[in-house]
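Here the structure is laid out as structure tokens; the discussion comes afterwards.
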Protein chains: 2
Amino acid sequence: MSSRTAARAELSLWRDIVILRRKIERELEQRLQQDAGVSVADFEILTTLRSAPDGRLRARDLADVLGWEKSRLSHQVTRMEGKSLVERQDCPTDLRGTWVVITEQGHSAADRGENGYGEVLANRFDVLDESERTDLDSMARRVVQASDPAACDSAEAIFGAS
Amino acid sequence: MSSRTAARAELSLWRDIVILRRKIERELEQRLQQDAGVSVADFEILTTLRSAPDGRLRARDLADVLGWEKSRLSHQVTRMEGKSLVERQDCPTDLRGTWVVITEQGHSAADRGENGYGEVLANRFDVLDESERTDLDSMARRVVQASDPAACDSAEAIFGAS
DNA sequence: GTCCTATCGTTGACGGGTCATCCACGCCGA
DNA sequence: TCGGCGTGGATGACCCGTCAACGATAGGAC
């Protein structure tokens with residue numbers, strides 16, 4: 001609950017995080033576009049659906065796992081339906097609900113994108129050794145959880161503890 | 001030049017960085033909106049201009065310092081002109097050039113936003129101790145510089161070495 | 001059954017960000 | 001002086017992401 005103001009160091013830390021993230025995201029975007037013709041947002045949806053039973057999830061669960069707002073998900077799914085990467089299906093047990101299902105084309109795009117995506121990340125983070133990567137990840141997680149303890153647990157809740 | 005594919009750990013690291021950044025940015029956005037009626041993008045421009053001599057910079061330099069694309073800057077300045085936060089001025093020595101100048105209203109908005117912005121960052125990063133923050137920053141910097149050695153130097157080139 | 005409230009999802013409006021394109025100007029060499 | 005190339009910047013189209021508002025259903029209290 002401290003309300004001290006950020007020092008120079010924190011401003012610069014924040015700036016560097018923003019730049020890091022934008023740089024990598026841009027590279028992922030280009031690579032995915034070239035390999036598979038999909039965007040980063042498309043790809044995140046596809047890989048999440050792929051790892052779910054029957055390649056489908058309730059919209060609500062999908063949003064939770066990704067940490068997205070429901071409206072963002074809805075817009076995204078609409079765009080992806082247009083590209084035939086996913087389909088919407090009615091949910092019989094809850095008439096409010098919607099299943100988002102990956103299509104064959106979705107699978108194929110995910111296949112084509114996977115390697116490049118991994119390569120970009122591997123190359124970018126290669127300048128850090130393994131213990132640094134671990135530390136970095138745990139720091140990021142701690143900062144997020146400090147403000148919202150419930151946030152990072154949705155994936156485990158749905159897919160089971162790792 | 002390795003083309004190994006990313007392991008689970010890197011995928012998860014990347015995911016956590018994306019979430020961290022979105023969470024903090026969202027909080028900054030809301031706080032700035034409430035305190036000063038400006039967006040994060042607005043605020044970045046305002047504080048950069050404020051720290052420059054005469055409160056103005058060439059569009060090109062402003063873009064370099066922020067690490068933005070020139071078109072992004074142009075769109076942003078257009079929006080900000082509409083809110084009277086900045087003005088464009090012709091550059092007499094290079095007729096292609098444009099100065100972006102902070103207005104009185106811009107100064108005032110920056111004043112109102114400053115504290116809240118700093119507070120949010122201070123609070124978020126409070127869960128890390130000082131050496132962790134330093135490490136985190138240096139890691140972020142290293143990752144960025146590994147892919148683009150020229151990137152982070154523009155600020156120093158314009159404002160002088162720190 | 002009837003209300004009341006909470007949840008699920010969609011939509012429209014709007015700011016953010018990239019890309020491709022365009023034009024004006026600076027720079028330089030013939 | 002002219003032509004050609006590089007740079008500075010603006011613009012339009014398009015996708016991304018948030019917010020506010022909405023309609024519809026679920027689920028509990030009574």
Side-chain angles (χ1 to χ4, degrees), chain A residues 18-19 21-34 37-45 56-64 66-83 85-101 154, chain B residues 18-19 21-34 37-45 57-83 85-101 154:
Chain A
V18 167
I19 291 178
R21 174 256 160 196
R22 187 163 50 233
K23 221 168 186 56
I24 295 184
E25 181 140 339
R26 213 155 152 279
E27 201 172 337
L28 288 172
E29 195 72 53
Q30 293 170 340
R31 182 64 184 266
L32 281 178
Q33 196 53 243
Q34 140 192 345
V38 299
S39 69
V40 168
D42 293 338
F43 188 73
E44 285 182 55
I45 300 255
R56 63 179 197 173
L57 281 174
R58 283 282 300 269
R60 170 198 41 160
D61 297 331
L62 188 46
D64 280 352
L66 293 167
W68 289 16
E69 310 236 336
K70 58 185 183 172
S71 75
R72 176 183 177 190
L73 179 66
S74 181
H75 285 303
Q76 184 64 36
V77 168
T78 300
R79 286 187 290 261
M80 292 176 74
E81 260 189 323
K83 298 187 257 181
L85 296 170
V86 298
E87 283 174 12
R88 280 188 235 250
Q89 285 176 5
D90 291 341
C91 173
T93 67
D94 183 342
L95 295 189
R96 295 168 304 180
T98 311
W99 291 94
V100 182
V101 193
S154 21
Chain B
V18 168
I19 291 177
R21 174 256 162 197
R22 187 162 51 232
K23 221 168 186 56
I24 295 184
E25 181 140 338
R26 215 155 151 277
E27 201 172 338
L28 288 172
E29 195 72 54
Q30 293 170 339
R31 182 64 184 265
L32 280 177
Q33 197 52 246
Q34 140 190 347
V38 298
S39 69
V40 168
D42 292 338
F43 188 72
E44 285 182 54
I45 301 256
L57 280 175
R58 283 282 299 269
R60 170 198 40 159
D61 297 331
L62 188 46
D64 281 351
V65 171
L66 293 168
W68 289 16
E69 311 235 336
K70 58 185 184 171
S71 76
R72 174 183 178 190
L73 180 66
S74 181
H75 284 302
Q76 184 63 36
V77 169
T78 301
R79 286 187 291 261
M80 292 175 74
E81 261 189 322
K83 298 187 257 180
L85 297 171
V86 298
E87 282 175 11
R88 279 188 236 251
Q89 285 175 5
D90 291 341
C91 173
T93 66
D94 183 341
L95 295 189
R96 294 168 305 181
T98 311
W99 291 95
V100 182
V101 194
S154 21

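Every chain is numbered from 1 and lettered A, B, ... according to where its sequence line falls, protein lines coming before strand lines. The figures that follow rest on heavy atoms only: side chains count, while hydrogens, waters and symmetry mates do not. All figures in this text were calculated on a predicted structure; none of them were measured in a lab.
For C:dG9, its base never sits under 3.5 Å from the side chain of A:His75 at any donor and acceptor pair.
Rounded to whole angstrom, the span from the CD atom of A:Glu81 across to the C1' atom of C:dT11 amounts to 14 Å. Separating the NZ atom of B:Lys83 from the P atom of C:dC14 is a distance of 14 Å, rounded to the nearest angstrom. Regarding A:Glu25, its CD atom lies at a distance of 12 Å from the P atom of C:dC19, rounded to whole Å. For the pair A:Asp90 CG and C:dC8 C1', the computed distance is 13 Å after rounding to whole Å. Between the CZ atom of B:Arg21 and the C1' atom of C:dG16 there is a distance of 10 Å, rounded to whole Å. Atom CD in B:Gln33 sits about 15 Å away from atom P in C:dC14, given to the nearest Å. Across the protein-nucleic acid pair, A:Glu69 atom CD and C:dG15 atom C1' stand 15 Å apart, rounded to whole Å. Taking atom CG on A:Asp61 and atom C1' on C:dG9, their separation rounds to 13 Å, with Å as the unit.
From the 5' end on, the contacts that DNA chain D makes with chain B at under 4.0 Å to a non-hydrogen atom open and close at D:dG6 to D:dC19.
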Before you tell me yes or no, could you show the steps for B:Arg79 and B:Leu85 under side-chain contact (heavy atoms from CB on, under 4.5 Å), namely the whole-Å CA-CA distance, both residues' side-chain angles and the distance that decides it to 0.1 Å?
CA-CA 9 Å; B:Arg79 286 187 291 261; B:Leu85 297 171; over 6 Å; no
Taking it one step at a time, do A:Met80 and A:Gln76 satisfy side-chain contact (heavy atoms from CB on, under 4.5 Å)?
CA-CA 6 Å; A:Met80 292 176 74; A:Gln76 184 64 36; 3.7 Å; yes
Would A:Asp42 and A:Lys83 satisfy side-chain contact (heavy atoms from CB on, under 4.5 Å), going step by step from the backbone distance to the final call?
CA-CA 10 Å; A:Asp42 293 338; A:Lys83 298 187 257 181; 2.6 Å; yes
Every protein N/O within reach of nucleotides 20-29 of chain C N/O, cut-off under 3.5 Å:
{"from": "C:dG26", "atom 1": "OP1", "to": "B:Leu95", "atom 2": "N", "distance (Å)": "3.3"}

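In this structure, the side chain of B:Ser74 does not engage the main chain of B:Lys70 through any donor-acceptor pair within 3.5 Å. One N or O on the side chain of A:Asp94 and one on the backbone of A:Arg96 form a donor-acceptor pair closer than 3.5 Å. A donor-acceptor pair is defined here as one N or O able to donate and one able to accept, closer than 3.5 Å; no such pair exists between the side chain of B:Glu87 and the backbone of B:Val101.
For the side-chain contact (heavy atoms from CB on, under 4.5 Å) criterion with A:Glu25, the lone passing option out of A:Arg22, A:Lys23, A:Arg21 is A:Arg21.
Side-chain atoms of A:Arg88 and A:Thr78, non-hydrogen and from C-beta on, do get closer than 4.5 Å to each other.
Heavy atoms of A:Ser74 sit under 4.0 angstrom from at least one base atom. The residue A:Glu29 sits apart from the nucleic acid: no heavy atom pair falls under 4.0 Å.
Taken from CD in B:Glu44 to CG in B:Leu73, the straight-line distance is 11.0 Å, to the nearest 0.5 Å.
Between B:Arg72 and B:Gln30, the residue whose closest nucleotide on DNA chain D is further toward the 5' end is B:Arg72. Taking the nucleotide of DNA chain C with the nearest heavy atom to each of A:Arg22 and A:Gly97, the more 5' of the two is matched to A:Gly97.
Phosphate proximity of C:dT7 to A:Arg60: absent, as no side-chain N or O sits under 4.0 Å from OP1 or OP2.
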